[in-house]
A.B. asks: 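I am attaching a structure below and will ask some questions about it afterwards.
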Amino acid sequence: MMGQNSYHELKAWLDQRKVNLVAVSKTQSIESILNLYQLGQRIFGENRVQELLEKQPQLPSDIQWHLIGHLQSNKVKQAVPIVAMIHSVDSIKLLSLLEKEAAKANRILPVLLQVKISPEATKYGFDEQTIIDELKSSQVTSLSHIQYRGLMGMASFVDDETIIRQEFSTLKAIFEKLKAEVFNHATDFDQISMGMSGDYQIAVEEGSTMVRIGSLIFGERK
Ligand SMILES: *Cc1c(COP(=O)(O)O)cnc(C)c1O
């Protein structure tokens, strides 16, 4: 794992810019997660519901678990009661399912809408061209147990910085457009989750408010 000093340096760099840190703990051991918890980290990100369900009961209850990976319909029921936020909401159908389960769990669920800004980083996400129309033409923006907090996106895994920068800047532009045209009454639609170990500095320059960093903190995944 990253030494204590470098974690604090990263955290200070992000704090200075008012950017939230999601420590991506997928594949990491309970012990590694606890080490980081002891340095003060409280937000952790997992990409698989099954792994989250195994880890969550073994770790302190004030950890805020963010689900960052694709959520399958058949996992919604188990995920909803234990997650603090879902970054990977990628369809209208999923929103309807989440509303139903959040109502049953008697909670308001904070979500980010995932937008596909890269032709290759992931196959999931709303289409950047049609997300506004899709949201407007469905009834989902008024769901009473869903709290729309913002957007999430992943840039292409390429070395060319201009491509990465372009994709992040596209996400920021879609965010502004949605904020003006769809979520203009939601004062808490204020998060842009973008940036990982390899590209978080570019993401922050392009307006990220939340980075998802794994290997830089924990070391390479096995
Ligand atoms: C694994 C993962 C990350 C973190 O990746 P690193 O390169 O290890 O920082 C961020 N976001 C998502 C969606 C991931 O699956």
Side-chain angles (χ1 to χ4, degrees), residues 1-3 6-7 9-11 13-14 17 19-29 32-33 35-36 39 41-56 63-72 75-76 79 83-91 94 98 110-126 128 149-161 163-165 167-168 170-172 174-175 191-222:
M1 196 184 86
M2 185 177 216
S6 24
Y7 168 74
E9 262 172 42
L10 172 65
K11 191 72 175 77
W13 189 89
L14 294 169
R17 291 158 179 83
V19 174
N20 298 301
L21 173 61
V22 178
V24 176
S25 51
K26 62 188 185 199
T27 78
Q28 305 298 338
S29 67
S32 302
I33 298 173
N35 282 338
L36 199 61
L39 298 184
Q41 182 64 28
R42 290 296 177 271
I43 306 178
F44 289 87
E46 289 284 338
N47 68 335
R48 290 175 50 238
V49 173
Q50 194 51 47
E51 190 173 338
L52 174 58
L53 288 168
E54 283 160 27
K55 286 173 170 174
Q56 186 262 351
I63 287 183
Q64 297 159 44
W65 292 103
H66 286 207
L67 187 68
I68 61 173
H70 176 66
L71 176 56
Q72 291 172 288
K75 296 280 170 27
V76 168
V83 294
M85 187 182 281
I86 300 179
H87 291 225
S88 43
V89 175
D90 56 7
S91 71
L94 180 56
L98 289 169
V111 304
L112 304 177
L113 302 172
Q114 182 172 355
V115 183
K116 188 167 159 49
I117 51 171
S118 154
E120 44 113 275
T122 163
K123 58 181 188 283
Y124 300 113
F126 283 93
E128 59 173 275
R149 291 300 313 270
L151 301 182
M152 183 273 246
M154 285 170 87
S156 298
F157 300 113
V158 293
D159 292 327
D160 187 346
E161 209 183 289
I163 294 178
I164 297 169
R165 193 176 290 282
E167 291 170 351
F168 286 148
T170 296
L171 187 62
K172 166 80 171 172
I174 298 168
F175 170 84
Q191 297 296 315
I192 307 178
S193 166
M194 59 184 188
M196 306 172 28
S197 293
D199 57 19
Y200 74 92
Q201 285 158 319
I202 305 172
V204 169
E205 284 166 14
E206 296 303 323
S208 172
T209 66
M210 195 179 277
V211 292
R212 309 175 310 272
I213 298 184
S215 44
L216 182 68
I217 298 176
F218 288 103
E220 288 303 318
R221 279 180 293 277
K222 287 125 251 172

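Just so you know, these numbers use all the heavy atoms, side chains as well, and skip hydrogens, waters and symmetry mates. All ligand and atom numbering here is 1-based and tracks the order in the structure.
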A.B. asks: Determine whether the side chain, the backbone, both or neither of R221 has a heavy atom under 4.0 Å from any heavy atom of ligand 1.
C.D. replies: side chain
A.B. asks: When you check the side-chain N and O atoms of T209 and Q191, is any donor under 3.5 Å from an acceptor?
C.D. replies: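 Note: T209 and Q191 side chains meet the donor-acceptor criterion.
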A.B. asks: Looking only at N/O atoms, are G214 and ligand 1 under 3.5 Å apart anywhere?
C.D. replies: yes
A.B. asks: List the closest protein heavy-atom neighbour of atom 1 (C) of ligand 1: residue, atom name, distance to the nearest 0.1 Å.
C.D. replies: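 I find the closest protein heavy atom is K26 NZ, 1.4 Å.
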A.B. asks: Under the criterion side chain to side chain donor-acceptor pair (under 3.5 Å), which of Q28, K55, Q56, H66 is the partner of E46?
C.D. replies: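 Of the listed options, the one satisfying the test is K55.
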A.B. asks: I'd like to know if I213 contacts ligand 1, where contact means a heavy-atom distance under 4.0 Å to any ligand atom.
C.D. replies: yes
A.B. asks: Considering only the protein, which heavy-atom contact is closest to atom 13 (C) of ligand 1, and what is its distance?
C.D. replies: I68 O, 3.5 Å
A.B. asks: What is the nearest protein non-hydrogen atom to atom 5 (O) of ligand 1, stated with its residue, atom name and distance?
C.D. replies: M196 CE, 3.4 Å
A.B. asks: Starting from atom 11 (N) of ligand 1, find the nearest protein heavy-atom neighbour and note its residue, name and distance.
C.D. replies: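 Going atom by atom, the protein heavy atom closest to atom 11 (N) of ligand 1 ends up being R212 NE, 2.9 Å.
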A.B. asks: Going by the side-chain contact (heavy atoms from CB on, under 4.5 Å) test, name the single residue among E167, K172, R165, Q201 that passes it with E206.
C.D. replies: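 So the option named by the test is R165.
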A.B. asks: What's the shortest distance from atom 9 (O) of ligand 1 to any protein heavy atom, and which residue and atom give it?
C.D. replies: S197 OG, 2.5 Å
A.B. asks: Could you check whether atom CG of D160 has more than 12 heavy atoms from other residues, nucleotides or ligands sitting under 6.0 Å from it?
C.D. replies: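 Above 12, so yes.
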A.B. asks: Side chains of R212 and S193: any donor to acceptor distance under 3.5 Å?
C.D. replies: yes
A.B. asks: So does E128 pair up with K116, basic N to acidic O under 4.0 Å?
C.D. replies: no
